[in-house]
Amino acid sequence: MKLIIVGAPGAGKGTMSEELVKKYNFPHISTGDMFRDHLARKTELGLTAKGYMDRGELVPDSLTIQLVKERLTRPDCKDGYLLDGFPRNEAQAEFFMNMLEETNLGLDAVLYLDVDFDKLIKRITGRRICKECKSVYHIEFSPSKEEGICDNCGGELYQRADDTEEALKQRLTAYSAETMPVINFFEKLGYVRHVNANQSIEKVTEDMFKSLEENN
Ligand code: ADP
Ligand code: ADP
Ligand code: ZN
């Protein structure tokens with residue numbers, strides 16, 4: 001299965017990616033995770049990306065595209081992949097479509113997690129992430145069994161630096177201006193599967209798998 005997952009910050013892309021990986025066992029390529037990994041390792045790319053991420057702005061395309069190209073051309077993507085957080089603007093979408101043409105990478109569907117913006121503040125400010133395995137939790141909607149500790153690996157949970165009300169505002173502005181047009185673009189090409197992401201995690205998961213089964 002070859003998928004892109006899109007949606008506003010806090011829509012549930014990371015959470016649904018965990019479910020998809022359990023089923024399809026494909027590489028989960030999250031540009032946000034990749035930038036955070038670079039930052040944790042204090043690479044030049046990570047330190048450059050930090051300012052943009054903290055402000056809720058997009059990291060420049062030249063850096064992002066290079067990162068994705070390197071990852072998508074590795075052999076483990078040939079049989080399937082899940083692209084999360086990319087493409088996020090028109091230039092990235094153009095790069096991606098050119099890459100589809102030039103390689104035989106392929107794309108099955110674009111999963112669009114459609115959520116009302118008023119749901120997002122609570123999701124974003126309550127989000128906790130495992131430092132080790134990157135599992136996603138929520139203090140209210142998806143708590144770990146032991147506070148602050150990852151159920152899967154025992155790692156420490158942390159709150160992302162950009163999971164503040166102020167950074168969220170900027171991220172939503174960037175999403176509306178730059179990412180919504182990309183969703184329209186894929187819609188016209190017939191790739192988009194709509195999923196109502198306002199519902200419980202269980203219901204969104206169920207609907208998402210149903211949408212993938214349809215006309216396949
Ligand atoms: P969320 O899951 O909340 O939508 P991400 O983890 O995908 O957020 O992204 C966090 C930040 O990383 C973004 O606000 C942006 O600064 C940067 N980033 C991630 N993906 C991209 C991308 N495709 N292009 C530019 N910047 C990106
Ligand atoms: P994204 O990757 O799109 O930014 P996440 O998957 O990280 O979103 O989810 C954001 C936060 O909301 C996390 O804390 C997650 O546990 C929680 N969450 C995800 N999906 C739902 C849902 N359907 N209902 C309630 N909370 C959710
Ligand atoms: Zn963990």
Side-chain angles (χ1 to χ4, degrees), residues 4-20 28-39 45-46 48-68 83-93 95-96 111-116 119-144 148-164 167-175 178-179 182 195-208:
I4 293 175
I5 190 163
V6 293
K13 301 181 294 294
T15 305
M16 290 306 121
S17 293
E18 290 176 11
E19 299 300 325
L20 290 161
H28 173 215
I29 303 170
S30 155
T31 44
D33 282 352
M34 287 162 93
F35 284 130
R36 282 185 289 279
D37 179 56
H38 272 273
L39 182 56
L45 173 61
T48 308
K50 183 183 186 316
Y52 297 96
M53 295 172 79
D54 284 348
R55 289 191 298 273
E57 295 166 11
L58 294 186
V59 177
D61 289 334
S62 55
L63 303 175
T64 308
I65 285 172
Q66 210 181 335
L67 189 75
V68 170
L83 201 44
D84 168 3
F86 185 96
R88 233 179 173 96
N89 63 22
E90 270 178 301
Q92 294 178 12
F95 155 80
F96 183 78
L111 280 170
Y112 170 32
L113 300 183
D114 194 357
V115 68
D116 298 338
K119 288 262 189 313
L120 299 176
I121 290 247
K122 220 172 164 188
R123 288 196 191 177
I124 287 288
T125 53
R127 170 158 61 186
R128 300 291 183 273
I129 314 269
C130 174
K131 266 190 182 154
E132 306 301 327
C133 73
K134 321 295 175 212
S135 291
V136 184
Y137 296 89
H138 190 282
I139 51 170
E140 187 179 334
F141 305 133
S142 182
S144 57
I149 308 284
C150 176
D151 292 349
N152 299 326
C153 78
E156 190 189 327
L157 304 187
Y158 80 105
Q159 191 165 13
R160 276 170 45 176
D162 59 343
D163 276 351
T164 61
L168 175 64
K169 250 190 223 158
Q170 184 53 46
R171 282 150 72 196
L172 286 176
T173 304
Y175 174 77
E178 304 195 52
T179 310
V182 172
V195 180
N196 176 2
N198 293 301
Q199 314 171 90
S200 69
I201 293 178
E202 292 70 28
K203 189 74 173 75
V204 178
T205 306
E206 190 187 320
D207 284 7
M208 174 181 72

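Model, not experiment: these values are computed from the prediction. We count ligands from 1, going down the list as the structure has it; atoms in each ligand are counted the same way.
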Would one find more than 12 heavy atoms of other residues, nucleotides or ligands at under 6.0 Å from atom CD of Glu90? no
Can a donor-acceptor pair be found, under 3.5 Å and without considering hydrogens, that links the side chain of Glu132 to the backbone of Gly154? no
Quick one: does Lys203 get within less than 4.0 Å of ligand 2, heavy atoms only? no
Report, in ascending order of atom number, the atoms of ligand 2 lying under 4.0 Å from any heavy atom of Phe141. 25 (C), 26 (N)
Answer yes or no: does atom CD of Gln66 have more than 12 heavy-atom neighbours from other residues, nucleotides or ligands under 6.0 Å? no
Verify, without hydrogens or angle tests, whether Ser142 (side chain) and Tyr137 (backbone) share a donor-acceptor contact under 3.5 angstrom. no
Between Arg160 and Arg36, is a side chain to side chain contact (heavy atoms under 4.5 Å, CB included) present by the stated rule, with each step listed? CA-CA 9 Å; Arg160 276 170 45 176; Arg36 282 185 289 279; 3.1 Å; yes
Test item: Lys13 side-chain N/O and Gly85 main-chain N/O as donor-acceptor pair under 3.5 Å: no
Closer than 4.0 Å to some heavy atom of Val204 - which atoms of ligand 2 meet that? 23 (N)
Do the non-hydrogen side-chain atoms of Ile4 and Pro87 ever get within less than 4.5 Å of each other? yes
Quick check with a 6.0 Å cut-off and a 45 degree axis cone: is Arg55 positioned over the face of Tyr52's six-membered ring? yes
Can you list everything that forms a side chain to side chain donor-acceptor pair (under 3.5 Å) with Lys203? Sequence neighbours excluded, please. Asp207
Look only at the side chain of Ser135 and the backbone of Cys130, and say whether a donor-acceptor pair between them is shorter than 3.5 Å. no
Quick one: which ligand 2 atoms are inside 4.0 Å of a heavy atom on Ser200? 23 (N)
Could you name all protein N, O or S atoms found under 2.8 Å from the Zn ion (ligand 3)? Cys130 SG, Cys133 SG, Cys150 SG, Cys153 SG
Distance-only check: which donor-acceptor pairs under 3.5 Å involve side-chain atoms of residues 120-129, not counting sequence neighbours?
unit_1	atom_1	unit_2	atom_2	d
Lys122	NZ	Glu140	OE1	3.4
Arg123	NH1	Gly10	O	3.3
Arg123	NH1	Ala11	O	3.0
Arg123	NH1	Ala197	O	3.4
Arg123	NH2	Ala197	O	2.8
Thr125	OG1	Ile121	O	2.8
Arg127	NE	Asp163	OD2	2.8
Arg127	NH2	Asp163	OD1	3.0
Arg127	NH2	Asp163	OD2	3.4
Arg128	NH1	Thr125	O	3.3

Any atoms of ligand 2 less than 4.0 Å from a non-hydrogen atom of Tyr137? List them with their elements. 13 (C), 14 (O), 16 (O)
Find out whether Leu20 and Leu111 are in side-chain contact, i.e. whether some heavy atom of one side chain is under 4.5 Å from a heavy atom of the other. yes
Counting only non-hydrogen atoms and a 4.0 Å cut-off, the residues near ligand 1 are Pro9, Lys13, Thr31, Gly32, Phe35, Arg36, Met53, Glu57, Leu58, Val59, Thr64, Gly85, Phe86, Arg88, Gln92, Arg127, Arg160, Asp162, Arg171
